[in-house]
Amino acid sequence: YAWDANEEYLFKAMVAFAMRRYSSRSTTQISNVLLCNVTDRVSFWFVVTDSSKNVTTVPGSEVEAAIRMNRNRINNAFLLSDKTLQFLKITSTLSPPVEPSTPAWLIVFGVVLCLVVAGIVFLIVSGIQKHKKKNKESTERENLEEKVEVTLENGMPCEALDLKAGHINGVFAADDERFTSL
Amino acid sequence: LSATPEIPKEDGRPKWDNKFQYILSCIGFAVGLGNVWRFPYLCQIHGGGAFLIPYFIALLFEGIPLLHLELALGQYLRKGSIRAWNTISPYLGGVGVGSWMVSVLVSLYYNTVLTWVMWYFINSFQEPLPWSVCPLNENRTGFNEECYESTAVNYFWYRKTLNITPDIAESGTLQWWLILCLAACWAVVYLCTIRGIETTGKAIYVTAIFPYLVLTIFLIQGLTLPGATEGLIYLFTPNLNTLKNPRVWLDAATQIFFSLSLAFGGLIAFASYNPKKNDCEKDAVTVAIVNSMTSVYASIPVFSVLGFKATTAYWDCLDRNIINIINEFDLPEESIMRQNYTSWISFLNSSYPEKIAGLKLKSCNLQEYLDQSVSGTGLAFIVFTQAIILMPGSQAWAILFFIMLFSLGLSSMFGNIEGVFTPLLELQIIPKSAPKELLSGVICLISFLIALCFTLGSGSYWIDIFDRYAGSVPLLVIAFFEVIGVVYIYKIKRFSKDVEWMTGRKLNLYWQITWRFISPLLLLIVFMAFVTLQMQKPPSYTAWNPKYEGFPMKEEKVYPPWVQAICVLLAALPCVCVPLVALFHLVKQKRRSKDPSLVPPEVFSCQGANS
């Protein structure tokens, strides 16, 4: 929006409003606020006069305090912010960031960890079940095979062979010597 | 013996569900975080598009041959790295042990990097993003000083995430939030590797394919951002003069080597689960080319975003100057725009030079912002997070970005863990009756406990050390011995016959030449150059020290002697395994030959091809 005399009027009204709220001087009028040195940049000086005591200005510190208290209202009247509507020598107080009771990241972390642990437990349990089923199957199969036949080796039942009495062939025994040496 | 076709036996060895799973696992192992945050950086500092020339030459003469060698080896011998090298020759058993050790060391620190990614990921669900605003100081009059002097993004990374100490000798305390994330990361790794390739084979479908999706999304988004074209032009404009610098060729060779994850033993393990009659030559070429294409593809969104960030910083600089000028000269709002800024400046400089000088305007140069190159964690956690804040809908972009990084790292972790898991499984350190889940659980638990050291205040300094020393020189040494071992000890003729039997066609001359001469020679040169460059200056690091005068610049410090000893140990330990094991076998042989009770064996050349 363009800065014209109406905006200036609004500004005077806001300053008067601020003065009234701060020091409860209900006598402050819009005509008490004087603007001067208005430039194209839209920057200007302003003073607030005291109508009770003629031709004196309200001390700057009081005006500063009043504006600081009502900064939010003044900003919103002009649809501006602390950065776009600057009062020189009035620094803005910073609002603290909103801290939720539990940090948000902890919640997300909890969700992730629960999912992972659930997955691990599921896999381990299914692994154990598969293992048990395989064991049961293999014992069933072993019982079945025992009934079929006695395993034979060269016409002799295996149990008859005394494996310990056999002769160990030196060539095949040494495991590491399987390969040609360098 | 090796030429006769064997009847495939049921040896109870686990196998891939299908060929695609195997290829995807190899690609996932090769494509990792380095493709996203190291390759674009190298492209940028080494003359843009011109870097692709040494990169592809290195790929052709070093990357593909070594990859084919490892895959063929694993597939033929059907054993993990330790057993496989023992089979080739007992004197080369050290190569397997060395690569197993490197896999262990790298797994430890790599998962801690993933911890950081996870921490950022779970923090991305907040509005506003925690790294976009500075916290207030105690009396709420201003911002936290450390944050104010550097940037909010830097503060979140160095203070809120790492809580970094100013010196590596100061260990600081364990950061409980990092411990939680580390536990979660190791739990995820355990979940995925619990039964070896049975489970990683399923998980890889997600972790290997998802990053490509996200990269495409970022590509589309990145190209629509203002300033993206400047970034891309800057990245890809070739500057052929840089090719005269040997450093460029060295970087290309090392990048290809480390990017393909060679010499970890993980590729051998993956290939060992293949059926014997599998075309490993095609696989190797496929994996290598996909890896390189991914690097190039990933650098496009990265540089679009970096160009966007540089342009935004440039505009901010201009805007600040414009505000100052307008305030000083009381000009109407919007009289000076970015477009006519330069003409205004020259006009004002000629008419009111003293006033302009008095304003102390910062000279805004887009090139300067584009030149700020970062790689590694700095790119992901500082530069990219800053760029994400500027994008509309930052939470979504942050979440996507960090999930992508997590998937990339996780698929590489599968390969690392497989390189640790398979040899241990074959060495049968746990009884055969015990389930596989127990071994993987023990590995993950022990690794988690050791990796707690990296959650200390000085943890990130230690990770840098591990990355620079344990994950670099030993790999070069091991790969060199791999090639020499296969070509000259196992004999290239025998190996060619094995490969021909597997692939069903004769070995190309290209493989013969590269395996026999070019690759070992290249590795030797790269190793020498690498070591020479490291030795040129005393090993130093940059520390984040808020009390430093030059803060927010990082302080350059030299490693204390005990840390340097650890660096040497990390680099030397895997390498020294090779001669040690050879020596051990030599001594055993000598003792065996002195013992007269044993009959000396006949010349019995058994290939040991039966698993």
Side-chain angles (χ1 to χ4, degrees), chain A residues 2-3 37-44 83-84 86 88 91-100 103-128 130-132 134-135 168-182, chain B residues 86-91 118-119 121-128 130 133 135-136 140-143 177 180-181 183-185 187-188 190-192 194-195 199 326-333 335 435-437 441 489 585-586 588-589 592-593 597-608:
Chain A
W3 186 264
N37 278 3
V38 184
T39 62
D40 276 339
R41 175 70 185 92
V42 196
S43 69
F44 46 81
K83 276 178 93 176
T84 37
Q86 272 181 316
L88 298 173
T91 51
S92 44
T93 50
L94 304 157
S95 57
V98 178
E99 287 270 344
W105 68 266
L106 214 53
I107 301 175
V108 182
F109 172 77
V111 169
V112 169
L113 200 61
C114 283
L115 286 173
V116 173
V117 170
I120 292 177
V121 166
F122 167 71
L123 281 176
I124 292 185
V125 165
S126 69
I128 295 178
K130 227 187 339 186
H131 201 65
K132 274 207 209 126
K134 210 167 43 162
N135 270 347
I168 295 184
N169 191 337
V171 178
F172 288 89
D175 219 23
D176 339 30
E177 309 282 335
R178 250 195 298 154
F179 316 113
T180 47
S181 49
L182 284 169
Chain B
N86 256 327
T87 311
I88 297 260
S89 159
Y91 293 96
M118 180 175 269
W119 165 254
F121 166 69
I122 59 184
N123 269 297
S124 307
F125 287 89
Q126 298 174 36
E127 164 75 35
V133 285
L136 302 174
R140 305 241 190 99
T141 50
F143 292 116
W177 57 91
L180 286 181
C181 291
C185 279
V188 172
Y190 181 50
L191 174 68
C192 295
I194 193 167
R195 287 201 209 119
T199 39
I326 289 185
N327 278 345
E328 179 71 17
F329 290 93
D330 279 333
L331 300 162
E333 195 75 36
S335 51
K436 264 193 275 188
E437 289 89 334
I489 299 184
H585 275 282
L586 200 68
K588 207 160 84 161
Q589 184 81 330
R592 181 78 51 69
S593 62
S597 64
L598 285 177
V599 181
E602 300 275 308
V603 174
F604 198 135
S605 79
C606 177
Q607 244 69 317

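Residue numbering restarts at 1 for every chain, and letters A, B, ... go by the order of the sequence lines.
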- Which of the residues Trp177(B), Trp119(B), Phe121(B), Phe125(B) is involved in the greatest number of heavy-atom pairs with chain A at under 4.5 angstrom? Trp119(B)
- Picking from Val116(A), Val112(A), Val117(A), which has the most non-hydrogen pairs under 4.5 angstrom with chain B? Val116(A)
- Taking every non-hydrogen atom, the tightest pair across Leu191(B) and Ile120(A): CD1-N, 3.3 Å
- Tightest non-hydrogen contact, residues Ala184(B) and Phe109(A), listed as CB-CE1, 3.6 Å
- Closest approach of Arg195(B) to Leu123(A) (non-hydrogen atoms, all atoms of both residues): NH2-O, 2.7 Å
- Item | Atom group of Ser124(B) that falls short of 4.5 Å from chain A, counting heavy atoms | neither
- Note on the structure: Separation between CD1 (Ile107(A)) and CD (Gln126(B)), nearest 0.5 Å, reads 9.5 Å
- Task: With a 4.5 angstrom heavy-atom cut-off, could you sort out which part of Leu113(A) is near chain B: side chain, backbone, both or neither?
- Result: side chain
- Go through the atoms of Ile194(B) and report whether side chain, backbone, both or neither lie under 4.5 Å from a heavy atom of chain A. side chain
